[in-house]
Amino acid sequence: MVLRKSLGCVTYSLRRFLAPFTSPDTLHPEMSLPFCNVALPVPLRTTFTYAVPDALRDSVQPGSRVLVPFRNKSLVGVVVECVQHAPPSTKIREISKVLDFLPALTPKLIELGHWITGYYLAPVGEVFRAMLPPVTELRTERQIVLTASGREVADKETAATRALNPQHHAFLSHLRDKGGVMPFASAAKLGLDDAALQRLRRAGFIAIRESMLGRKAKTHRVIAWKGVAGIAEVVQTPALDAKAEHVKAALGARGPLPLAQLLRVAQISRSVVERMLRDGLLESWEERVDPAEDPFDVGYVPPAHELNEEQESAMKLIRARFELGEFGVLLLHGVTGSGKTEVYMRAVQETLARGKTAIILVPEIALTLWIGRQCRAWFGARFEGVAVLHSALSDVERAREWWRVRNGEARVVVGTRSAIFAPLENLGLIIVDEEQESSYKQEETPRYHGRDVAIVRAKMENAAALPGSATPSLETYHHARGGKYELLTLASRVEQRAMASVEIVDLREDFAKTHQTSPISSALHAGIAECLAQKTQALVLINRRGYSWSVLCRSCGASVQCENCSISMTHHKQRNRLECHYCGSLKPIPKQCPKCQSKYVYFFGEGSEHLEERLRKEFPGARIARLDRDTARTKRQYQETLGAFAAGALDILVGTQMLAKGHDFQRVTLVGVVSADFSLSLPDFRAAERTFQLLTQVAGRAGRGELPGRVLIQTFYPEHYAILDAVKQDYPAFYERETQFRRVMAYPPFTSLANVIVRNTDLEKAIRWSRQLSEYFSPHDGKGLRILGPAAAPLAKLKREHRFQFLLKSPRRSVLANVLSGAMTFCDMKEIPQTAVLVDMDPLSLM
Ligand code: ADP
Ligand code: ZN
Ligand code: ZN
């Protein structure tokens, strides 16, 4: 109820907020309202009404962050609307402080926040918290900037000028004489208070800019090959020893590198570099460090390709959409290596040329750096115009990037999931790269899907949405087939490069032949050996990390389970312990079975750590590294390993699905997939889709350069269509088969799905609450929706909480939404705590 009411008001007040202003001296009605509703970072489904003290009337606007008293503390919240009346019979407290002069959130973002709250049934305060910049002690300097129309007023005697208060006119002229910028504090000395400045700002005559202070100009030493940009041009170099060759290889592949970076990539010591500097082979200089910058950025020049025919016709359709100037979704379905990035860059370029702004969402941090680097190279000066937003930045860095965007200093934003909330105005384009990736789904409150929010935001802003992938999600492709989205297809790789050839290794046959239980089949072994002989590179993928992922007793069959979660613990050999991958709890390695005390405990199921050990054993001379969440704990470690591989300092890279995404390695000729089936055995309706996507993506990493690529997929289920279609890299064939299954089973895209989990550490409470909720649900079952459950969730216990599950299915989303919002009201009535009931709309996983 509360929600619907407030939504109505927002639409109303937005219209007024956007109304044009005739004279800056007319007080805006919105600003003089005595109360406002504030979203606070608490897990409750309501906003809170506060009184606006007279002194703050002009500064409190929808979107402003405010400090308010809440219970017995102070909280930072955001004003979502200003209202005339407070709800009766409640004690209304006053706002204590307004934090922003320029409201942090734009009206469109407030509208988007309300949509998320309603659609995902998420607590309103948590939604808006996710949209705001981090609250940090930013040292900012607030400045007043004269706008173009302000300059016109200051210069000329127009109707607007005459309507203007003479003091204000004098102020604008003064500002113009000062070069159009002055510190905020100076205005007070000239007799203009905050209210007057707000009016001038709303009239469009001035803008307020927060610029960061205390940017320490940190520098680092950059090393380059002497004199020339590319190593290839070095004609005569003295004979180099092995170490110098490594330096040459690293600098050749990457261009100039910061010293620390070079030492790691080339795996040499500082003295080697010093010696080469003395010998005149290298040169060095100091360069400013930008924390948001990718260390490989230095000297990067983007390839300038002429678009091929397919890329050109995709651009034509994108252009046509821009011409229309209306919302629309265009799916860019391009096989791996078909040059989607090039299309993205041109689409952004044309968006900017039309005076609009763009967001590029990517599924992981590493790709932010890669795409960010491309954008900086494509779009203007090095640190201007492009902002990067992701969770690996520090709060200060993130806040700084965020405010650059809010102040209009950056017009392109590259980032992961939450960058969809970037406060850009005049948005023209939202790209969602690898739109099927599950990392777009936030698996904690608010549980939104970044791609879906992107499409809704594009619609609200009248922009174009451009999801792209080699393996689109079934939902997105379904919409494209059905005509709801436009379909742009890049069916072949650039420059007629062949797709990699994919072969299946039937592990049953391999075992029958060899009677070996190595994770590396004889075919894969031979393939890697060939790579090493030809000095090309191999990627080996396994989809579990750790050494063994199960610890079993041979006598009684018990496995070692986590005490907090109903899941078996993973053996990590180097760390010499068992770990739970869900809650992080640790256990020593058991010497005997915890249940029957037998000594016959064995470790079962290879993980990435085990695979790395095997590879080192089987290929003693090879340079091998592993990339998974254990070895790449930080952005830096991740980049170093990838950088070393890209620079040719490694022969074999082994790892988890981290390897599968996006990277453009030119010398990879072999990709081995060690266990492809594991995900097929999960109780999950998306298992086949995930397997197909993973295999196709990873196959796309082979043969991207001049050298042809080969992919070996080891499996126990060689007849499964997810594997067979991945071998053919035939997306439409897979889509046809998988949609048949989804249709018959009534799964998305043919029904809407919601997963409701009731959870508590106290088993009895969890049972009682799910029984109560079941009483609410059962009368609705069969009336336009199916309700399954309550049943123990597949992960019946997680982080000490017992979990029960309801699954709601309906062909009509509105039916689902109504029943769910009724359920929330019901829970409030029965005093079931809000944190105990977790609603997952459009769940990606039913675990
Ligand atoms: P995708 O993202 O579709 O897998 P990329 O965008 O990474 O593919 O492009 C693959 C490679 O092809 C890149 O090295 C890119 O520079 C190159 N490329 C892109 N467009 C062209 C083109 N029109 N002609 C030649 N090479 C191109
Ligand atoms: Zn036992
Ligand atoms: Zn656990």
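We use all heavy atoms of the structure for the numbers below, so side chains are in, but hydrogens, waters and symmetry mates are not. Every number for a ligand or one of its atoms is a count from 1 in the order of the listing.
When non-hydrogen atoms are compared, ligand 1 lies under 4.0 Å from the backbone of Val335 (N, CA, C, O) but not from its side chain. Only the side chain of His305 comes within contact range of ligand 1, with a heavy atom under 4.0 Å; no backbone atom does. In Glu495, the part holding a heavy atom less than 4.0 Å from any atom of ligand 1 is the side chain. When non-hydrogen atoms are compared, ligand 1 lies under 4.0 Å from the backbone of Thr341 as well as from its side chain.
Counting all heavy atoms, side chain and backbone alike, Arg803 lies closest to Leu795 at NE-O, 2.8 Å.
For the Zn ion (ligand 2), the set of protein N/O/S atoms nearer than 2.8 Å consists of Cys553 SG, Cys556 SG, Cys593 SG, Cys596 SG, ordered by chain and number. Around the Zn ion (ligand 3), the protein contributes the following N, O or S atoms under 2.8 Å, ordered by chain and number: Cys562 SG, Cys565 SG, Cys580 SG, Cys583 SG.
Under a cut-off of 6.0 angstrom, the local environment of CZ in Arg800 is sparse, with at most 12 non-hydrogen atoms contributed by other residues, nucleotides or ligands. Heavy-atom contacts from other residues, nucleotides or ligands closer than 6.0 Å to NZ of Lys728 number more than 12. In this structure, Arg629 places its CZ atom where only 12 or fewer heavy-atom neighbours from other residues, nucleotides or ligands lie under 6.0 Å away.
At least one heavy atom of Gly337 sits closer than 4.0 Å to an atom of ligand 1.
Interface of Thr336 with ligand 1, defined as ligand atoms under 4.0 Å from a residue heavy atom, comprises 4 (O). If you number the atoms of ligand 1 from 1 as listed, the ones under 4.0 Å from a heavy atom of Asn308 come out as 23 (N).
The heavy atom nearest to atom 8 (O) of ligand 1, considering only Gly339, Gly700, Ala470, Ser469, is found in Gly339.
Pairs of residues two or more places apart, or lying in two chains, that qualify as ring-ring contact (aromatic ring centres under 6.0 Å, His included) and include a residue from residues 577-602 are His572-His581.
For the pair Thr336/Met499, a side-chain contact is recorded, criterion being any heavy-atom separation below 4.5 Å from C-beta on. A 4.5 Å side-chain heavy-atom check between Val502 and Val671 finds every atom pair outside the cut-off.
Side-chain atoms of Arg667 come within 3.5 Å of backbone atoms of Lys535 as a donor-acceptor pair (strictly under, hydrogens ignored).
Using a cut-off of 4.0 Å between Lys/Arg side-chain N and Asp/Glu carboxylate O, Arg346 and Glu312 are scored as not salt-bridged. Under the 4.0 Å criterion applied to side-chain N and carboxylate O atoms, Glu495 and Arg493 are not assigned as salt-bridge partners.
Contacts of Lys587 classified as salt bridge (Lys or Arg N to Asp or Glu O under 4.0 Å), with partners at least two apart in sequence or in another chain: Glu563.
Centroid-to-centroid, the aromatic rings of Phe603 and Tyr547 stay 6.0 Å apart or farther.
One side chain, Ser492 or Glu310, offers a donor N or O that lies under 3.5 Å from an acceptor on the other.
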